[in-house]
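FYI, side chains are in, hydrogens and waters are out, and symmetry mates aren't considered; it's all heavy atoms of this structure.
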Amino acid sequence: MKWLLVLTLVALSAPGFAQLRLEDARLRGLPPGQTATAGYALVSNGGDSDIVIVAAHTAVADRVEMHAHRHAADGMMGMVRVEQVRVPAQGRFRFEPGGHHLMVIGLKRPLLDGENVPVTLVSDTGLEYEASFQVISVLRESTEHSHH
């Protein structure tokens, strides 16, 4: 049975303002020696206002960037950095393979399959939301998340 990781994000500086929830929050577990990985999650906003995420960070890496896959003029698929993503009021935004995703760059140590890694999302108003992303080895990823 597929597990479903549901986490509630808590606004650290203004409780009750925004209601973000992450489902299936995960980081790709890669072989030792890799210095970057990707993060995915379904982000739901239960609040009455859009939430614009402009940054993210985690203690296990030098930086976290938001990226998207885009088709270039020559038809090739490429990855580009995006400055923000908008989670609409009462709506959702998906970080997913082949679309928008989090790039965790400059890993300070190998990530262990099954471990939970704290990641903080930062809104354009400066609010910070902390969530836990579970590391899923690429060896397990294809069977557990093949429907994405």
Side-chain angles (χ1 to χ4, degrees), residues 1-30 32 34-72 77-138 140-142 144-148:
M1 175 183 252
K2 181 187 168 299
W3 59 271
L4 179 62
L5 180 62
V6 179
L7 298 168
T8 302
L9 292 174
V10 178
L12 298 178
S13 58
F17 268 74
Q19 303 297 320
L20 286 186
R21 184 181 59 163
L22 267 66
E23 297 175 45
D24 202 20
R26 65 195 192 278
L27 295 175
R28 295 185 81 207
L30 300 174
Q34 300 298 311
T35 60
T37 192
Y40 311 115
L42 174 61
V43 183
S44 299
N45 177 359
D48 295 330
S49 300
D50 291 0
I51 297 172
V52 179
I53 300 169
V54 296
H57 57 87
T58 180
V60 301
D62 292 333
R63 67 185 189 278
V64 178
E65 297 177 356
M66 295 180 291
H67 286 201
H69 283 99
R70 301 261 165 83
H71 288 288
M77 186 70 110
M79 189 170 57
V80 296
R81 185 174 181 184
V82 295
E83 297 302 318
Q84 64 182 30
V85 298
R86 181 176 303 275
V87 186
Q90 300 298 316
R92 300 175 177 190
F93 183 87
R94 186 178 296 275
F95 289 108
E96 63 187 340
H100 285 82
H101 56 281
L102 298 174
M103 284 301 302
V104 182
I105 302 168
L107 289 169
K108 297 176 181 178
R109 62 173 179 77
L111 301 180
L112 303 175
D113 185 40
E115 83 172 287
N116 291 309
V117 175
V119 176
T120 301
L121 304 178
V122 183
S123 77
D124 62 344
T125 62
L127 293 177
E128 294 188 346
Y129 307 91
E130 187 173 304
S132 182
F133 282 63
Q134 186 175 39
V135 177
I136 304 292
S137 167
V138 292
R140 284 196 305 138
E141 182 178 65
S142 61
E144 292 192 18
H145 299 283
S146 60
H147 66 283
H148 290 281

| Does the side chain of Val80 come within less than 4.5 Å of His67's, by heavy atoms? | no
| What are the two closest non-hydrogen atoms of Ala41 and Ala25, and how far apart are they? | CB-CA, 3.8 Å
| query | Are any of the side-chain nitrogens in Arg109 or Glu115 under 4.0 Å away from the carboxylate oxygens of its partner? | reply | yes
| query | Are the side chains of His57 and Val122 in touch, meaning some heavy atoms are under 4.5 Å apart? | reply | yes
| query | Short question: side chain of Asn45, backbone of Val87 - any donor-acceptor pair under 3.5 Å? | reply | yes
| Can you check whether Phe95 reaches His100 side chain to side chain, under 4.5 Å on heavy atoms? | yes
| message | Would you compute the distance between atom CG of Asp124 and atom CD1 of Ile51 and round it to the nearest 0.5 angstrom? | response | 9.5 Å
| request: To the nearest 0.5 Å, tell me how far Leu121 CG sits from Leu20 CG. | output: 7.5 Å
| said: Check whether Thr58 reaches the backbone of Pro118 with its side chain - one donor and one acceptor, N or O, closer than 3.5 Å. | reply: yes
| task | May I have the step-by-step check of side-chain contact (heavy atoms from CB on, under 4.5 Å) for Arg94 and Val43, ending in yes or no? | result | CA-CA 6 Å; Arg94 186 178 296 275; Val43 183; over 6 Å; no
| Does Val60 reach the side chain of Lys108, with side-chain heavy atoms less than 4.5 Å apart? | no
| request: Could you tell me which non-hydrogen atom of Arg92 sits nearest to which non-hydrogen atom of Ser44, and how far apart they are? | output: CG-OG, 3.7 Å
| Backbone N/O of Gly46 and side chain of Gln90: donor-acceptor pair under 3.5 Å | yes
| said: Going by side chain to side chain contact (heavy atoms under 4.5 Å, CB included), Val104 matches just one of Leu27, Thr35, Leu111. Which one? | reply: Leu27
| field | Nearest non-hydrogen partners of Ala131 and Leu22, listed with the distance | value | CB-CD2, 3.9 Å
| message | One pair to check against side-chain contact (heavy atoms from CB on, under 4.5 Å): Val138 and Leu30. What are the steps and the verdict? | response | CA-CA 6 Å; Val138 292; Leu30 300 174; 3.4 Å; yes
| query | Which heavy atom of Met66 sits nearest a heavy atom of Ala55, and at what distance? | reply | CE-N, 4.0 Å
| request: Under the side-chain contact (heavy atoms from CB on, under 4.5 Å) rule, what do Leu107 and Thr37 come out as? Steps first, then yes or no, please. | output: CA-CA 8 Å; Leu107 289 169; Thr37 192; 4.3 Å; yes
| task | Without swapping roles, check the side chain of Asp113 against the backbone of Ser137 for a donor-acceptor pair under 3.5 Å. | result | yes
| task | Kindly indicate whether the side chain of Arg28, heavy atoms from C-beta on, has any atom under 4.5 Å from the side chain of Ile136. | result | no
| query | Are side-chain heavy atoms of Val85 and Val52 found at a separation under 4.5 Å? | reply | no
| request: Keeping the roles fixed (side chain from Thr120, backbone from Ala56), state whether a donor-acceptor pair exists under 3.5 Å. | output: no
| Taking the six-membered ring for Trp, are His101 and Tyr40 parallel (under 30°), tilted (30 to 60°) or perpendicular (over 60°)? | tilted
| field | Side chain proximity check, Val119 to Glu130, heavy atoms < 4.5 angstrom | value | no
| task | Check whether any side-chain heavy atom of Met103 lies under 4.5 Å from a side-chain heavy atom of Met79, and answer yes or no. | result | yes
